[in-house]
Amino acid sequence: MLGIFERLAAHFGPLHWWPSDSPFEVAVGAILTQNTNWKNVEKAIANLKQAVALCPSGIKALAREELEELIRPSGFFRQKAERLQLFVDYLFTNHQGSLERLLAGPLDDVRQKLLALKGIGPETADSILLYGGHQPSFVVDAYTRRLLSRLEILHGKESYEQIRALFMDQLPHEPEMFNEFHALIVEECKTFCRKKPLCPSCPLVDMCPFATQSG
DNA sequence: GCCCAGGTGGGTA
DNA sequence: TACCCACATGGG
């Protein structure tokens, strides 16, 4: 795993992922990006900023229908509006409306609290922990599965937790590294996995059984 | 028009 | 546990 990281880091350089003004903005983005192109999420985030609603109290002040309209570009907007409101309700009920207070707790404890919320699964929880809370919780997404499958490290039936453990067991628990590694995996997949199946210039070409075969 | 995108939860066997 | 499906918009 460390070898993969080093090659990707050398090829792509620092990616400075998930720029945001607050942990709460990260959490909103993590929920809105579920099975959705990030470009669409950016439009919804911009709408929320325009409406001065990109904070717990701002979301709380909106009617369900108003929130739905603001986040409509991100798709699944009815479902996501409910999830955002439930998330904010939870913050006010249990953490004085502050995501920072929630994220200040022990990693495993915070993770369980997030996973207990409707609409927050493992990837969303880990994204909030890592990118919002700077806690060393590795994020596994579709790109991670795609890359590890291409390298024949995965064979299709591994669970989310198994794949996460693969990284967590082998790497130092440093948030900056987990952050960068996940971003590098996404960049690698966007650049090489789909567009160039034979990836002659892919930094992982000699580790990739598929790429070194003729067809 | 078709396929896909930084998932998740509910229903069914 | 293991599938199957709904959820919705926007870009290539």
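Below, chain A is the first sequence line, B the second, and so on; all start at residue 1.
A gap of 22 Å separates the P atoms of C:dG10 and B:dT8, to the nearest Å. Distance check on atom P: C:dC5 versus B:dC3 gives 15 Å, rounded to whole Å.
Separating the CD atom in A:Glu152 from the CE atom in A:Met207 is a distance of 12.0 Å, to the nearest 0.5 Å. To the nearest 0.5 Å, atoms OH (A:Tyr160) and CG (A:Asp126) are separated by 3.5 Å. Rounded to the nearest 0.5 Å, atoms CG (A:Leu166) and CG (A:Leu171) are 9.0 Å apart. Distance check: A:Glu176 CD to A:His134 NE2 gives 8.5 Å after rounding to the nearest 0.5 Å.
No more than 12 heavy atoms of other residues, nucleotides or ligands sit less than 6.0 Å from atom CD of A:Gln50.
Contacts between residues 70-90 of chain A and DNA chain B, counted as heavy-atom distances below 4.0 Å, involve A:Gln79, A:Arg83.
One can place CD1 of A:Ile163 at 13 Å from P of B:dG7, the figure rounded to the nearest angstrom. The nearest whole Å value for the distance from the CG atom in A:Leu115 to the C1' atom in B:dT8 is 11 Å. Atom CG of A:Leu114 is separated from atom C1' of B:dG7 by 15 Å (rounded to the nearest Å). Going from atom CZ of A:Arg145 over to atom P of B:dG7 covers 10 Å, rounded to whole Å. In this entry the distance linking CG of A:Leu32 with P of B:dG7 reads 13 Å, nearest Å.
Here the shortest heavy-atom pairing between A:Phe12 and A:Pro203 reads CE1-CG, 4.3 Å. A:Glu188 and A:Leu147 make their closest contact through CG-CD1, 4.0 Å (heavy atoms, listed as atom of the first residue, atom of the second, distance).
Checked against a 6.0 Å centroid threshold, the rings of A:Tyr90 and A:His95 count as neighbours. Taking the six-membered ring for Trp and the full ring otherwise, A:Phe181 and A:Phe138 have centroids separated by under 6.0 Å.
The pair A:Glu69-A:Arg72 meets the salt-bridge criterion, with a side-chain N (NZ, NE, NH1 or NH2) lying under 4.0 Å from an Asp/Glu carboxylate O.
Residue A:Ile31 is out of contact with every strand shown, counting any heavy-atom pair closer than 4.0 Å. Contact annotation for A:Leu117: backbone-only contact, meaning every heavy-atom pair under 4.0 Å involves sugar-phosphate atoms and none involves a base. Using a 4.0 Å heavy-atom criterion, one finds that A:Lys118 contacts the sugar-phosphate atoms exclusively.
Pairing for C:dG11 goes to B:dC3, judged as Watson-Crick or G-U wobble with the two contacts each under 3.5 Å. Across all strands shown, B:dA13 forms a Watson-Crick or G-U wobble pair, both distances under 3.5 Å, with C:dT1.
When DNA chain C is scanned 5' to 3' for any atom under 4.0 Å from a heavy atom of chain A, the first and last hits are C:dC7 to C:dG11.
A:Leu48 and A:Phe76 fall into different hydrophobic clusters, defined by Ile, Leu, Val, Met, Phe, Trp and Tyr side-chain heavy atoms under 4.5 Å apart, directly or through other members.
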Show the distances under 3.5 angstrom between N or O atoms of the protein and N or O atoms of nucleotides 11-13 of chain B.
none

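Counting only heavy atoms from C-beta outward, the side chains of A:Leu15 and A:Val186 never approach each other to under 4.5 Å.
Sequence order on DNA chain B of the closest nucleotides to A:Gly119 and A:Tyr131 puts A:Tyr131 first from the 5' end.
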